[in-house]
**Q** 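Take this structure first; my questions come after.
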Amino acid sequence: MMTPSQGTIEGTRRGTGGGGPPVPRWRISRGVRRATLVLHLVSAGAWIGIDVIVAVLVLTGWFADDVDLRSLAYRALAAFVVWPMLVCALVCLVTGVVLGLGTKWGLVRYWWVAVKLVLNLVLCTLIVVLLQPGMHDVAAYGEQLLTGNPSRARVQKMFFPPAVSLSALTLATCLAVYKPWGRLRRRPTRDRQA
């Protein structure tokens, strides 16, 4: 029989009853948890805001009547969007990992946390692998709008980043609020009774 101070393989401790919630390997203090949570929420909100700006710039660049305005929208998109978005995504990722490791939720203990982690990792990867390399074409298209009649093929895919990212971030927000699906894996009955 384990004493309350002995840990299990998962790095959690249980009281003598054995049925209580697992205790994280290390617990962050209440003040640090709150500060980390605020930073997590602010970075997620900023990320959503940047995605809204991306959508506005893409729609302006595509549908505006004024060629100068369309050009400016694409050049602004190429110059100012990727790095702030990536910084917000990485801050959101790091603070989410700290909250997962330092609180009862864990990183892969509950489905909703694991899905949020995967969504964040996928979106960060898409920013680096797909969005950032395409910004040169977006900037060139914006310049060519002023000097000629460029092909829209260079910017046709720009509708997808804000649509995909805003959908994924909305899903992540809903998961954080509703916390669906329960635990990722249940402990065996034998472990719970030990």
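Source: prediction; values computed, not measured. These numbers come from the heavy atoms of this one structure, side chains and all, not from hydrogens, waters or symmetry mates. Numbers here simply count residues along the sequence, with the first being 1.
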**Q** Group every Ile, Leu, Val, Met, Phe, Trp and Tyr by side-chain heavy-atom contacts under 4.5 Å, then state whether Val42 and Leu90 land in the same group.
**A**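 No, it is not one cluster - the side chains of Val42 and Leu90 are not joined through contacts under 4.5 Å.
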**Q** Do the side chains of Met85 and Leu131 get nearer than 4.5 Å, heavy atoms only?
**A** yes
**Q** On the six-membered ring of Trp105, is Lys116 placed so that its NZ or CZ lies under 6.0 angstrom from the centre and within 45° of the ring axis?
**A** no
**Q** Look at the rings of Phe159 and Trp62 and say which category their plane angle falls in: under 30° parallel, 30 to 60° tilted, over 60° perpendicular.
**A** perpendicular
**Q** Using a cut-off of 6.0 Å, state whether more than 12 heavy atoms not belonging to Lys179 lie near its atom NZ.
**A** yes
**Q** Would Leu171 end up clustered with Trp111 when hydrophobic side chains under 4.5 Å apart are linked, directly or stepwise?
**A**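 Hydrophobic grouping puts Leu171 with Trp111.
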**Q** Group every Ile, Leu, Val, Met, Phe, Trp and Tyr by side-chain heavy-atom contacts under 4.5 Å, then state whether Leu166 and Phe160 land in the same group.
**A**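 No, no single cluster joins them.
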**Q** Under 3.5 Å, is there a donor-acceptor pair between the side chain of Arg109 and the main chain of Lys104?
**A**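 Yes: the side chain of Arg109 pairs with the backbone of Lys104.
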**Q** Assess whether side chain to side chain contact (heavy atoms under 4.5 Å, CB included) is satisfied between Arg75 and Leu146, documenting all intermediate values.
**A** CA-CA 11 Å; Arg75 288 182 290 134; Leu146 297 174; 4.2 Å; yes
**Q** Should Leu119 and Val177 be regarded as members of a common hydrophobic cluster, given that ILVMFWY residues are connected when their side-chain heavy atoms come within less than 4.5 Å of each other, either directly or indirectly?
**A**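 Looking at the clustering, Val177 is in a separate group from Leu119.
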**Q** Does CG in Asn149 sit with more than 12 non-hydrogen atoms of other residues, nucleotides or ligands closer than 6.0 Å?
**A** no
**Q** Assess whether side chain to side chain contact (heavy atoms under 4.5 Å, CB included) is satisfied between Leu93 and Leu117, documenting all intermediate values.
**A** CA-CA 7 Å; Leu93 176 64; Leu117 179 62; 3.7 Å; yes
**Q** Mark yes or no for whether Thr125, through its side chain, and Leu121, through its backbone, hold a donor-acceptor pair below 3.5 Å.
**A**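 Flag set: sc Thr125 to bb Leu121 pair under 3.5 Å.
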**Q** Do the side chains of Val97 and Ile28 join up, straight or via other hydrophobic residues, at under 4.5 Å, putting them in one cluster?
**A**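 Yes, because Val97 and Ile28 connect within a single hydrophobic cluster, where side-chain heavy atoms sit under 4.5 Å apart.
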**Q** Please walk me through it: do His40 and Cys92 pass side chain to side chain contact (heavy atoms under 4.5 Å, CB included)?
**A** CA-CA 5 Å; His40 185 69; Cys92 198; 3.5 Å; yes
**Q** With side chain to side chain contact (heavy atoms under 4.5 Å, CB included) as the criterion, how do Val58 and Val155 come out once you've worked through the C-alpha distance, each side chain's angles and the decisive distance to 0.1 Å?
**A** CA-CA 9 Å; Val58 167; Val155 294; over 6 Å; no
